[in-house]
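Working notes, structure below.
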Amino acid sequence: MSDSPLVAEHEEHTEHDRPELRHHFADVEQQRNAASLGMWWFLGTEIMFFGGMFCAYLIYRLKYFHEFAAASRSLDLTVGTLNTAVLICSSLTVAQAVRAAQMGNRKLQVKLLLATIFFGCVFLGVKAYEWNNKYKEHHIPTFDFNAKDLMQDNQKLFGLDKLEGDPNRAGELRKKEDDIQKHSQIFFSLYFALTGMHAIHMIIGVGIFSVITWMAWKGRFTPEYHTPLEIAGLYWHFVDIVWIYLFPLLYLIDRRPGA
Amino acid sequence: MSEHTGHIVPSKRNWLVFIILIVATFLTAWIATIDLGPFNTVVALFIATCKASLVVLIFMQVKYTSEKMTKAVLLFAIAWLILLLFLSLTDYSSRFAG
């Protein structure tokens, strides 16, 4: 807030008193647009950050499609779908919280923000449950990784059924099994890298929203000024979008029955 | 006070987007179990892109923003991403084919 030395101006100033308006902005709207644009720039860099991993995924998926398909089938589709729904619920509560701030409804804001944090935590909890299952199934790369169950469940996909009965092709079979053991680890490496980075973003998001909820509780947001809530919301929606792509790319590679 | 506080999205529209997103999620999971040949991936990514567009346009309010730079930043970020993925794809897909 710029303090004018002129008393005459000072009187006029109190009428439009805006403690949230920084002195280097002309008005609240300019400040809001600048903050929002800054967040969009950051999200642009985030697209590049995740884009690099998506690109690595794309290349290896092309190269080792069967291993990727088999490994993808070992993920729990029901749990993955429901967790996607949980994340979409959290996006709705964020959008509605921004709306509540625009309407000046403090109690509703706090409730919706608490719901967002709740859904975020549920998502992370389910993710932890899924990771634990991968641990139990020996599907964590390098840590006692074992792809035997993937070979068992996907005999036809890998063409192992044709090799198995033939004693003359035992060497070929062993080589194929070695390859599957090696290459399916690449899928799980990417799975843990992508879902792990996504989970870290979620944890940071829950942290940000804890602060935002506290600010909302204190009544810091008015219909005229609720920029922190808005730009935190942008971040949350972005993390949701990353998952919207991760879900089909990791869970739905090849679920066709009998293939 | 005549200051802009951002476009207030009607509550109904948020709920509508939410319902579409939920339905699309279950739809894409269900379609994945149907054999469409190579089109399974195409359909899954198409649905994902529709969902992401809805989130960007309505929840993130890009549809309502007066700030043109926001749209520019978003479009350029997507363009760079497509450049990265598309050029890598053309390179690697032609290598494995040979």
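Throughout, protein chains are lettered first and strands after them, A, B, ... in sequence-line order, and every chain is numbered starting at 1.
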Separation of [Y] [atom2] from [X] [atom1] (nearest 0.5 Å):
X        : Y       : atom1 : atom2 : result
B:Lys51  : A:Ile88 : NZ    : CD1   : 4.5 Å
A:Ile244 : B:Thr49 : CD1   : OG1   : 10.0 Å
A:Arg255 : B:Asn40 : CZ    : CG    : 12.0 Å
A:Ile241 : B:Leu54 : CD1   : CG    : 10.0 Å
A:Trp243 : B:Thr25 : CH2   : OG1   : 11.5 Å
B:Ile22  : A:Thr84 : CD1   : OG1   : 9.0 Å

So [Y] and [X], do their side chains get closer than 4.5 Å, heavy atoms only?
X       : Y        : result
A:Phe54 : B:Leu81  : no
B:Phe18 : A:Ser91  : no
B:Ile31 : A:Leu252 : no
A:Trp40 : B:Glu67  : no
B:Phe59 : A:Val94  : no
B:Ile8  : A:Met103 : yes

Heavy atoms of other groups near [X] [atom1], more than 12 under 6.0 Å:
X        : atom1 : value
A:Phe118 : CZ    : no
B:Phe39  : CZ    : no
A:Tyr129 : OH    : no
B:Phe46  : CZ    : no
A:Lys111 : NZ    : no
A:Tyr60  : OH    : no
B:Phe86  : CZ    : no

Residue [X] versus chain A: region with a heavy atom under 4.5 Å:
X       : value
B:Thr65 : neither
B:Val62 : side chain
B:Leu21 : both
B:Val9  : backbone

Checklist entry - Judged by modelled atom types alone, do B:Ser11 and A:Gln96 share a side-chain donor-acceptor pair under 3.5 Å? => result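 Side-chain D/A pair, B:Ser11 to A:Gln96: present.
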Taking all heavy atoms of [X] and all of [Y], pick out the closest pair and write down the distance.
X        : Y       : answer
A:Gly51  : B:Leu84 : O-CD2, 3.7 Å
A:Phe238 : B:Met60 : N-CE, 4.0 Å
B:Ser88  : A:Cys55 : OG-SG, 3.2 Å
B:Asn14  : A:Arg99 : ND2-CD, 4.1 Å
B:Leu85  : A:Leu58 : O-CD2, 3.7 Å

Checklist entry - Under a 4.5 Å heavy-atom cut-off, does chain B meet the side chain of A:Leu77, its backbone, both or neither? => result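 When you check distances to chain B, only side chain atoms of A:Leu77 fall under 4.5 Å.
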Next on the checklist: Listing request: all side-chain hydrogen bond (donor to acceptor under 3.5 Å, both in side chains) pairs with a residue in residues 68-84 of chain B, at least two apart in sequence or in separate chains.
Outcome noted: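 Of all non-adjacent pairs touching residues 68-84 of chain B, none passes side-chain hydrogen bond (donor to acceptor under 3.5 Å, both in side chains).
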Checklist entry - What side-chain hydrogen bond (donor to acceptor under 3.5 Å, both in side chains) pairs are there with at least one residue in residues 49-59 of chain A, not counting sequence neighbours? => result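 Of all non-adjacent pairs touching residues 49-59 of chain A, those that pass side-chain hydrogen bond (donor to acceptor under 3.5 Å, both in side chains) are A:Tyr57-A:Arg61.
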Checklist entry - Going through the checks in order, is the side chain to side chain contact (heavy atoms under 4.5 Å, CB included) test met by A:Leu43 and B:Leu74? => result CA-CA 8 Å; A:Leu43 295 183; B:Leu74 175 65; over 6 Å; no
